[in-house]
Amino acid sequence: MDATRGTMFTAQVQEHSGLGVLVMPSNLTLGGLGAALAGRDPGQVAELLAARAHLGMFTTQVRVQGTARISAVLGGSPLLRHGLTGADHDLMRLAFRRTARLLFAAGAVELLPPTSSAPPLRSETDVAEYCARLRPGDWELVSVHGMASCPMALPERGGVCDDRGRPHGFTNLHLCDASVLPGAPGISPQGTIMSYAHEIVGRHLEST
């Protein structure tokens with residue numbers, strides 16, 4: 001759990017991977033912890049930062065089904081918004097309950113859920129009550145590995161690019177990044193993205 005003594009994500013709980021859920025330790029640094037606690041009371045944040053040696057930070061990764069939209073923000077970076085479905089919300093509540101059960105079984109005495117207004121949870125009963133009153137907009141989520149905005153597929157199947165990474169109707173433009181993936185693989189996509197880029201560049205070089 002100490003990022004200064006090892007790497008992040010050195011272990012994963014894959015028992016629920018069939019549901020699209022992974023549980024893993026996260027990178028516990030002062031900066032990362034401060035960012036995770038940014039919405040909480042400053043006094044509570046100061047206490048937790050001082051107690052860092054006794055804390056763990058864990059990630060529950062959930063593969064949601066809702067679509068995402070990219071919007072342009074005037075004077076800023078593109079804004080990525082995820083639309084959660086009812087099934088996504090139910091899955092996230094299930095994933096949180098199972099993560100909490102795991103952490104309590106491992107010896108945790110108090111959990112801070114990803115909702116700044118929620119109090120600490122000290123039992124599975126607290127967790128069940130938190131999940132029962134939780135609304136979709138209450139989650140404070142982090143989205144990583146944006147991809148599949150220009151998927152590689154036939155136009156009639158919603159594709160933007162062909163198998164050479166060229167947007168349909170173009171011959172002199174190639175995309176070879178995460179945007180061409182047909183969907184989220186549910187795991188860290190670094191190797192997949194590198195493979196796609198290597199293959200697209202290779203096919204381009206063969207044809208020139």
Side-chain angles (χ1 to χ4, degrees), residues 1-3 8-9 11-17 19-71 73 76-146 184 186 188:
M1 295 185 294
D2 189 345
M8 60 191 297
F9 304 154
Q12 292 182 345
V13 177
Q14 299 185 351
E15 180 180 353
H16 311 301
S17 59
L19 297 173
V21 175
L22 295 174
V23 181
M24 63 200 79
S26 192
N27 206 12
L28 183 60
T29 62
L30 286 175
L33 185 59
L37 300 172
R40 293 189 172 269
D41 177 82
Q44 183 186 34
V45 174
E47 291 178 2
L48 290 168
L49 289 175
R52 184 171 70 96
H54 305 284
L55 302 181
M57 188 159 63
F58 292 82
T59 296
T60 302
Q61 178 178 306
V62 179
R63 184 178 183 182
V64 298
Q65 301 300 316
T67 57
R69 296 180 181 274
I70 301 176
S71 304
V73 179
S77 301
L79 179 64
L80 181 65
R81 291 184 179 275
H82 281 278
L84 296 179
T85 67
D88 291 335
H89 182 50
D90 290 342
L91 179 59
M92 288 194 296
R93 288 189 295 180
L94 173 64
F96 182 78
R97 288 196 300 269
R98 294 192 178 182
T99 301
R101 182 182 302 171
L102 168 69
L103 295 178
F104 282 133
V109 297
E110 183 175 282
L111 303 180
L112 288 180
T115 303
S116 295
S117 59
L121 309 176
R122 298 184 175 89
S123 68
E124 289 193 47
T125 299
D126 288 350
V127 172
E129 292 175 353
Y130 163 75
C131 289
R133 63 175 180 268
L134 192 66
R135 298 170 299 177
D138 293 336
W139 293 106
E140 295 172 1
L141 304 175
V142 174
S143 179
V144 295
H145 304 312
S188 180

When you look at L134 and W139, which way does the side chain to side chain contact (heavy atoms under 4.5 Å, CB included) test go after all the steps?
-> CA-CA 8 Å; L134 192 66; W139 293 106; 3.0 Å; yes
Less than 4.5 Å apart, any side-chain heavy atom of E129 and any of T125?
-> yes
Decide yes or no for M24 and V13: does some side-chain heavy atom of the first lie under 4.5 Å from some side-chain heavy atom of the second?
-> no
Using distance only, find each side-chain donor-acceptor pair of residues 109-122 under 3.5 Å and give its atom names and separation, not counting sequence neighbours.
| from | atom 1 | to | atom 2 | distance (Å) |
| --- | --- | --- | --- | --- |
| E110 | OE1 | R122 | NE | 3.1 |
| E110 | OE1 | R122 | NH2 | 2.9 |
| T115 | OG1 | Y130 | OH | 2.7 |
| T115 | OG1 | D138 | O | 3.1 |
| S116 | OG | E140 | OE1 | 2.8 |
| S116 | OG | E140 | OE2 | 3.0 |

Say you draw a straight line from CG of L19 to CZ of R63; how long is it, rounded to the nearest 0.5 Å?
-> 12.5 Å
Quick one: are L91 and V21 in side-chain contact, heavy atoms under 4.5 Å?
-> yes
Might you point out which heavy atoms bring V62 and A95 nearest each other, and give the distance in Å?
-> CG2-CB, 3.8 Å
Atom pair OG1/CZ of T60 and R97 - distance to nearest 0.5 Å | 12.5 Å
Note: G66 and T85 closest approach over all heavy atoms is CA-CG2, 3.9 Å
Close side-chain approach of L79 to I70, heavy-atom, < 4.5 Å | no
Say whether, by atom type as modelled, one donor and one acceptor occur between the side chain of T29 and the main chain of G32 under 3.5 angstrom.
-> yes
Within the side chain of R40, is there an N or O that forms a donor-acceptor pair under 3.5 Å with the backbone of V45?
-> no
In chain order, what residues pass the salt bridge (Lys or Arg N to Asp or Glu O under 4.0 Å) check against R81, with sequence neighbours excluded?
-> none
Shortest non-hydrogen contact from L33 toward M57 | N-CE, 4.1 Å
Which distance, rounded to the nearest 0.5 Å, do you find between the CD of Q44 and the CG of L48?
-> 5.5 Å
Does some side-chain heavy atom of P25 sit less than 4.5 Å from a side-chain heavy atom of F58?
-> yes
When you measure from the side chain of D88 to the backbone N and O of Q65, does any donor-acceptor pair fall under 3.5 Å?
-> yes
Reported CD-to-CG distance for the pair E47 and D41, which is rounded to 0.5 angstrom | 8.5 Å
Residue that, paired with L22, satisfies side chain to side chain contact (heavy atoms under 4.5 Å, CB included) out of H16, E15, Q12 | Q12
After noting the C-alpha distance and the side-chain angles of V23 and Q61, does the key distance pass the side chain to side chain contact (heavy atoms under 4.5 Å, CB included) rule?
-> CA-CA 6 Å; V23 181; Q61 178 178 306; over 6 Å; no
Could you please spell out the steps behind the side chain to side chain contact (heavy atoms under 4.5 Å, CB included) verdict for L30 and R52?
-> CA-CA 8 Å; L30 286 175; R52 184 171 70 96; 3.5 Å; yes
